[in-house]
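Atoms considered below: every heavy atom in the structure, side chains included; atoms not considered: hydrogens, waters and symmetry mates.
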Amino acid sequence: MSTRIAFLKGHGTENDFVIIPDPDNAVELSPAAVTALCDRRAGIGGDGLLHVVRSAAHPEARHLADRAEWFMDYRNGDGSVAEMCGNGVRVFARYLQHAGHVGEGDLAVATRGGVKTVHIAKAASGGEITVGMGKALLPGGDVTVSVGDHQWPARNVNMGNPHAVAFVDDLADAGNLYDPPPFSPASAYPDGVNVEFVVERAPRHVAMRVHERGVGETRSCGTGACAVAVAAARRDGADPAVTGAPVTYTVDLPGGRVVITERPDGEIEMTGPAVILAEGEIMSEWLETATA
């Protein structure tokens, strides 16, 4: 007898996700299954997959259950596991609201990058979602990234996942971003890296393109936007820990716009939209065939 698996589709500034509600962690999602579901021609299509599980039901999140009821078990589009996805957290929170698990206001979401604080604004004020992204780490050492004959110095920023931020004259210099841009030294990112290419738009306003490891170029990357804002602030001589004043950058991505604020205590907040656009059921026979 056929069984069905519920799914939804959502996006945050066009960084899109397959959403699998699975409170009891009963759905087995192998890397092959995730890849099949995220395939844009033969599957549902998405940059990644949001597996929605109660923290108490997932072995990687049980220790966080007293702080966050829900765990975002995030997977990249190639089936690999990722620590964190900023746009994904916003869409994850919007799903919880859509399903009636939470309302407007504050909630906590467990991720492999720690517990993230989330605020869902009232619909009357635009309904945007703000995510506490934690603090940026700025590992030392020189890093370079290259595309073809172009090479740039890059700022090493870790937002729970690794980023290399390069400031360029033209976003077209990044090329097609189908393949991971080469970087050096290799020891800087032993597990690969997300690479952001950035141009100036106006004071405290930048635009970016990004290659996400395990995915390719995406329309948006939340942790990448945070990394870009931090790198831009340091380039501009702004460090809230030194000045005692928060600094805010507007970041334009191919899929939309987010606003990033870094506070004097180092905490970073990202505000932007999140949309649930469809829901349905996956045929288990198709999934079995697709992953055979």
Side-chain angles (χ1 to χ4, degrees), residues 1-12 15-38 43-77 79-121 127 129-134 160 222 274-288 290-291:
M1 181 177 177
S2 174
T3 59
R4 305 293 179 100
I5 301 169
F7 81 92
L8 298 91
K9 182 74 183 286
H11 76 91
N15 193 187
D16 62 334
F17 308 96
V18 179
I19 305 164
I20 303 295
D22 184 23
D24 299 323
N25 197 28
V27 178
E28 182 178 351
L29 289 170
S30 66
V34 172
T35 302
L37 289 167
C38 291
I44 296 167
D47 292 324
L49 183 144
L50 304 175
H51 185 205
V52 183
V53 186
R54 282 196 166 88
S55 298
H58 199 288
E60 293 184 67
R62 286 185 187 125
H63 67 291
L64 301 174
D66 61 338
R67 298 171 56 196
E69 180 181 2
W70 296 96
F71 173 56
M72 184 180 77
D73 174 17
Y74 180 68
R75 318 291 183 88
N76 291 316
S80 61
V81 170
E83 302 93 333
M84 172 58 183
C85 175
N87 289 319
V89 174
R90 294 204 317 277
V91 175
F92 188 94
R94 182 68 82 210
Y95 163 74
L96 293 177
Q97 182 186 36
H98 171 84
H101 296 304
V102 303
E104 297 166 346
D106 298 329
L107 70 145
V109 174
T111 75
R112 291 184 178 88
V115 175
K116 305 302 177 184
T117 57
V118 179
H119 179 80
I120 303 174
I129 296 178
T130 298
V131 179
M133 300 290 287
V275 177
I276 301 296
L277 57 95
E279 56 186 316
E281 293 181 325
I282 302 160
M283 297 179 64
S284 60
E285 296 94 337
W286 170 83
L287 192 59
E288 291 170 3
T291 57

Legend entry - Test salt bridge (charged side-chain N to carboxylate O under 4.0 Å, His left out) applied to Glu83 - qualifying residues, sequence neighbours left out: Arg213

Inset, instruction - Rounded to the nearest 0.5 Å, what's the gap from CG on Asn15 to CG on Asn87? Could you check? - result: 4.5 Å

Legend entry - Non-hydrogen atoms of Leu107 and Val109 that approach each other most closely: CD1-CG2, 3.8 Å

Legend entry - With Ala108 via side-chain contact (heavy atoms from CB on, under 4.5 Å) - residues at least two apart: Ala68, Val115

Legend entry - Result of checking Val102, Leu50, Ile276 against Tyr95 for side chain to side chain contact (heavy atoms under 4.5 Å, CB included): Ile276

Legend entry - Side chains of Phe92 and Phe17 in contact at under 4.5 Å (non-hydrogen atoms): no

Legend entry - Selection residues 19-28 - residue pairs positive for salt bridge (Lys or Arg N to Asp or Glu O under 4.0 Å), sequence neighbours left out: none

Legend entry - Residues which pass salt bridge (charged side-chain N to carboxylate O under 4.0 Å, His left out) with Asp16, listed by chain and number, not counting sequence neighbours: Lys9, Arg40

Legend entry - 4.5 Å side-chain heavy-atom contact, Tyr74 and Val81: no

Legend entry - Chi angles and distances behind the side chain to side chain contact (heavy atoms under 4.5 Å, CB included) call for Met72, Lys116: CA-CA 10 Å; Met72 184 180 77; Lys116 305 302 177 184; over 6 Å; no

Inset, instruction - Not counting sequence neighbours, which residues clear side chain to side chain donor-acceptor pair (under 3.5 Å) with Thr130? List them please. - result: Thr271

Legend entry - Residue list, side chain to side chain donor-acceptor pair (under 3.5 Å) with Glu281, at least two apart or on another chain: none

Inset, instruction - For Glu279, enumerate each residue passing the side chain to side chain donor-acceptor pair (under 3.5 Å) test, keeping only those at least two apart in sequence or located in another chain. - result: His98

Inset, instruction - Would you mind reporting whether Val52 and Ile20 have side-chain heavy atoms less than 4.5 Å apart? - result: no

Legend entry - Residues that Ala274 engages under side-chain contact (heavy atoms from CB on, under 4.5 Å), provided they are two or more places apart: Arg90, Val91, Arg94, Ile129

Inset, instruction - Check whether any side-chain heavy atom of Ile282 sits under 4.5 Å from a side-chain heavy atom of Leu37, and report yes or no. - result: yes

Inset, instruction - Scan for ring-ring contact (aromatic ring centres under 6.0 Å, His included) pairs involving residues 48-73, sequence neighbours excluded, and state none if there are none. - result: His58-Phe71, Trp70-His101

Legend entry - Closest contact, heavy atoms only, Pro23 versus Ala57: O-CB, 3.6 Å

Legend entry - Selection residues 99-110 - residue pairs positive for salt bridge (Lys or Arg N to Asp or Glu O under 4.0 Å), sequence neighbours left out: none

Inset, instruction - Measure the shortest side-chain to side-chain distance between Cys38 and Asp47 over non-hydrogen atoms and say whether it is less than 4.5 angstrom. - result: no

Legend entry - Pairwise distance CZ(Phe7) to CG(Leu49) - rounded to 0.5 angstrom: 11.0 Å

Legend entry - salt bridge (Lys or Arg N to Asp or Glu O under 4.0 Å) contacts in which one or both residues fall within residues 52-67, not counting sequence neighbours: Arg54-Glu69, Glu60-Arg112

Inset, instruction - List in chain and number order the residues that pass side chain to side chain donor-acceptor pair (under 3.5 Å) with Ser30, two or more places apart in sequence or in another chain; answer none if no residue qualifies. - result: none

Legend entry - Main-chain N/O of Asn76 paired to Ser80 side chain as donor or acceptor, under 3.5 Å: no

Inset, instruction - Taking all non-hydrogen atoms of both residues into account, name the closest pair between Ile19 and Gly10 and its distance. - result: CD1-N, 4.0 Å

Legend entry - Minimum heavy-atom distance Pro21-Ala6, with the two atoms named: CD-O, 3.5 Å

Inset, instruction - Report yes if the side chains of Val118 and Leu96 come closer than 4.5 Å at any heavy-atom pair, otherwise no. - result: no

